[in-house]
Number of protein chains: 2
Amino acid sequence: MTDLHRQVDERLRARDQRYTESRRQIVDALAANSGPVTLPTLLASAPSLAQSSAYRNLSVLEEAGIVRRLVHGADHAFYELAEDLTGHHHHLVCERCGSVQDFTLGARVEQSLDEAIDDLVRAKGFAARHHAIDIFGLCADCS
Amino acid sequence: MTDLHRQVDERLRARDQRYTESRRQIVDALAANSGPVTLPTLLASAPSLAQSSAYRNLSVLEEAGIVRRLVHGADHAFYELAEDLTGHHHHLVCERCGSVQDFTLGARVEQSLDEAIDDLVRAKGFAARHHAIDIFGLCADCS
DNA sequence: TTGCTTGCAAATGATTTGCACTGCT
DNA sequence: AGCAGTGCAAATCATTTGCAAGCAA
């Protein structure tokens, strides 16, 4: 059992949930992909899963802080492993084909951004949990 | 006729579309609100509009670059005037009540971010059109 | 046994679309 | 007249949910 699976198992147990075979398949499929995937893509990677179970399990995994759900206006939502399992990153979103690709920013930029956000959020009385940067445009294949 | 209406009219004409009373009502409602609004909110501001017409007109306005549509996972999408009509800004998204609030970052931070993004995007062959920063958490009312 | 999980089929609900009608131009 | 815009009702489609059966503790 890999370290990833151990962490997932732990978080599910903490919420009195079992780490079933279906859930393991979902986590494997998400870990295998380089970026966020849609439900149809996910089902293609784990053909034995029922669609409704996939949705249900993704929502359990999301509540347990294992999976993050992204919505960018395309038909389907995208799913990826939570940042604390894979590392902080952001997304390039193709406005034509809807694909989503990960990227990271240098520590310097992230830090100055964090500081600016801290100030702002304090002034507004907003309790920030995380931030996301999306870059919209055309991916290499579409442009 | 205000400057805003003049600009909208111009962009619609450029696409052979008319600036009708319904569309004007939508633009007024969006301009009157401080942040992005959902369709139900919009309809409340312009009760004589049919729901389907509101959706149809918003999509026309979006294609003409007058309106921007935001999707953040809540039930409804949010709509706001395009940034080149109102100025560059970002969003605080409340994870409990789903409300969305605008904010701006200092020029220094925006600039260092722009530079980082330029480099990145060039390396990936991605044609960037715009970026968005979303901060997720709990708004002042919900926390 | 008890209760979490699953798969199937049916429901939900935001958004889109067909169609007939109204109103610019 | 000719065609864009509108409202109503019906369709679409991702996602959610009810329910009966399977399975782990």
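Every chain is numbered from 1 and lettered A, B, ... according to where its sequence line falls, protein lines coming before strand lines. What you see below is based on every heavy atom in this structure, not just the backbone, and it leaves out hydrogens, waters and symmetry mates.
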Please write out each protein N/O paired with an N/O of nucleotides 19-25 of chain D under 3.5 Å, distance rounded to 0.1 Å.
none

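- Checked against side-chain hydrogen bond (donor to acceptor under 3.5 Å, both in side chains), A:Glu115 has the following partners two or more places apart in sequence or in another chain: A:Gln111.
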Can you give the donor-acceptor pairs under 3.5 Å from side chains of residues 44-51 of chain B to other protein atoms, not counting sequence neighbours?
from    : atom 1 : to      : atom 2 : distance (Å)
B:Ser45 : OG     : B:Thr41 : O      : 3.2
B:Ser48 : OG     : B:Gln25 : OE1    : 3.4

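- No close placement of the B:His89 and B:Phe103 rings is indicated, their centers lying 6.0 Å or farther apart.
- Ion pairing between A:Glu80 and A:Arg68 holds under the 4.0 Å rule for side-chain N and carboxylate O.
- The aromatic ring centres of A:His88 and A:His130 sit 6.0 Å or more apart.
- Taking side-chain N and O atoms only, B:Ser53 has no distance below 4.0 Å to OP1 or OP2 of D:dG5.
- Among D:dG5, D:dT15, C:dA14, the nucleotide with an atom closest to any side-chain atom of A:Tyr55 is D:dT15.
- Other residues sharing the hydrophobic cluster of B:Val71, ordered by chain and number and joined by side-chain separations under 4.5 Å: A:Val71.
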Acceptor/donor pairs from residues 132-143 of chain A side chains to any protein atom, 3.5 angstrom cut, sequence neighbours excluded:
from     : atom 1 : to       : atom 2 : distance (Å)
A:Asp134 : OD1    : A:His72  : NE2    : 3.3
A:Asp134 : OD2    : A:His72  : NE2    : 3.3
A:Ser143 : OG     : A:Cys139 : O      : 3.3

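- The nearest heavy atom of DNA chain D to B:Gln17 and to B:Ser52 marks one nucleotide each, and the one closer to the 5' end goes with B:Gln17.
- We find that A:Arg24 and A:Asp28 are not joined by a salt bridge, their nearest charged nitrogen and carboxylate oxygen being 4.0 Å or further apart.
- Proximity of A:Asn57 to the phosphate of C:dT5: no side-chain N or O atom is located under 4.0 Å from OP1 or OP2.
- Annotation: proximity of residues 71-78 of chain A to DNA chain D (heavy atom, distance under 4.0 Å) is found for A:Asp75, A:His76, A:Ala77, numbered in ascending order.
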